[in-house]
Engineer: 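Please find one structure pasted underneath; my questions will follow.
All values derive from a computational prediction rather than experimental measurement.
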Amino acid sequence: MFENNHSRYASYGTVAALPGDMIDAVWDIIDQDLQGVFPLENLLTFKLHNNNGTTTFEYVQLDEDDHPGALSAGFDTDFAYAPELPDTVLAYDDGDSQIILLPSETADH
């Protein structure tokens with residue numbers, strides 16, 4: 001899952017809600033910090049937090065009821081935090097391509 005040689009995209013909602021550099025940062029976190037360290041499912045959840053004016057991406061593994069599980073890791077960035085940022089972004093890998101999307105853009109929503 002989430003091999004960086006597959007096609008990668010961002011949904012319309014994600015592009016409208018996050019600057020391109022922040023979208024790229026999610027891919028970098030997956031490639032450089034999560035891959036090979038954590039067992040990755042085909043759906044990854046990232047919570048965005050205000051960390052003294054900058055944005056922290058918190059990777060959380062959800063349990064079977066979509067509640068945060070026992071595993072999380074925070075990744076601080078230099079990106080300014082804004083209240084308009086989404087609370088959560090998702091990364092989905094269907095085996096052929098990967099996409100970053102908002103929870104509201106999933107079939108479950």
Engineer: Would a 4.5 Å heavy-atom cut-off, applied to side chains only, mark Thr54 and Tyr81 as touching?
Structural biologist: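 No, every pair of side-chain atoms sits at 4.5 Å or beyond.
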Engineer: To the closest 0.5 Å, what do you measure between OH (Tyr92) and CD1 (Ile99)?
Structural biologist: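 If I round to the nearest 0.5 Å, the distance is 10.5 Å.
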Engineer: Would you say CD of Gln35 has more than 12 non-hydrogen atoms from neighbouring residues, nucleotides or ligands within 6.0 angstrom?
Structural biologist: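 For Gln35, atom CD is crowded (more than 12 foreign heavy atoms under 6.0 Å).
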Engineer: Could you tell me which non-hydrogen atom of Val60 sits nearest to which non-hydrogen atom of Ser72, and how far apart they are?
Structural biologist: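 Taking every non-hydrogen atom into account, CG1-CB, 3.7 Å.
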Engineer: Kindly compute the distance separating CD1 (Ile30) from CG (Leu44), expressed to the nearest 0.5 Å.
Structural biologist: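 Those atoms lie 5.0 Å apart.
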Engineer: How long is the straight-line distance from OG1 of Thr88 back to CD of Glu58, given to the nearest 0.5 Å?
Structural biologist: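 These two atoms lie 9.5 Å from each other.
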Engineer: When the side chains of residues 73-80 are checked against the rest of the protein, which donor-acceptor pairs come out under 3.5 Å, sequence neighbours left out?
Structural biologist:
from: Asp76; atom 1: OD1; to: Asn51; atom 2: ND2; distance (Å): 3.1
from: Asp76; atom 1: OD1; to: Thr56; atom 2: OG1; distance (Å): 2.7
from: Thr77; atom 1: OG1; to: Thr55; atom 2: O; distance (Å): 2.6
from: Thr77; atom 1: OG1; to: Phe79; atom 2: N; distance (Å): 3.3

Engineer: Measuring from atom OG1 of Thr106 to atom CG of Leu43, what distance do you get when rounded to the nearest 0.5 angstrom?
Structural biologist: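 Output value for this atom pair is 8.0 Å.
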Engineer: Whether the side chain of Gln32 engages the backbone of Ile29 through a donor-acceptor N/O pair (distance < 3.5 Å, no angle test) should be reported.
Structural biologist: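 No, because the side chain of Gln32 does not come within donor-acceptor range (under 3.5 Å) of the backbone of Ile29.
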Engineer: Shortest non-hydrogen contact from Val89 to Pro86?
Structural biologist: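 Heavy-atom minimum between the residues: CG1-CG, 3.9 Å.
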Engineer: Taking it one step at a time, do Asp87 and Leu48 satisfy side-chain contact (heavy atoms from CB on, under 4.5 Å)?
Structural biologist: CA-CA 5 Å; Asp87 294 331; Leu48 281 67; over 6 Å; no
Engineer: What are the two closest non-hydrogen atoms of His6 and Asp96, and how far apart are they?
Structural biologist: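 Reported closest heavy-atom pair: CB-O, 3.6 Å.
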Engineer: With distance as the sole test, does Glu105 use its side chain to make a donor-acceptor pair with the main-chain N or O of Gly13 at under 3.5 Å?
Structural biologist: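 The answer is yes, because a donor-acceptor pair under 3.5 Å joins these two groups.
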Engineer: Decide, yes or no, whether a salt bridge links Asp31 with Arg8 under the criterion of side-chain N to carboxylate O below 4.0 Å.
Structural biologist: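 So Asp31 pairs with Arg8 through a salt bridge.
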Engineer: Roughly how far, to the nearest 0.5 Å, is CD1 of Ile100 from OG of Ser11?
Structural biologist: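 One finds 8.5 Å between OG of Ser11 and CD1 of Ile100.
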Engineer: Classify the angle between the aromatic ring planes of Tyr59 and Phe38 as parallel (below 30°), tilted (30 to 60°) or perpendicular (above 60°).
Structural biologist: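 Tyr59 vs Phe38 ring planes: tilted.
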Engineer: Treat each ILVMFWY residue as a node, draw an edge where side-chain heavy atoms are under 4.5 Å apart, and state whether Val37 and Phe57 are in one component.
Structural biologist: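 Yes, because Val37 and Phe57 connect within a single hydrophobic cluster, where side-chain heavy atoms sit under 4.5 Å apart.
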Engineer: Check side-chain contact (heavy atoms from CB on, under 4.5 Å) between Asp24 and all other residues, then give those that pass, not counting sequence neighbours.
Structural biologist: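 Asp21.
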Engineer: For a quick test of reading the model, state the closest non-hydrogen atom pair linking Pro103 to Leu90 and the distance between them.
Structural biologist: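 In this case the closest contact between Pro103 and Leu90 is CA-CD1, 3.8 Å.
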Engineer: I need the Tyr9 OH to Thr14 OG1 distance, nearest 0.5 Å.
Structural biologist: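 So the gap between those two atoms works out to 14.5 Å.
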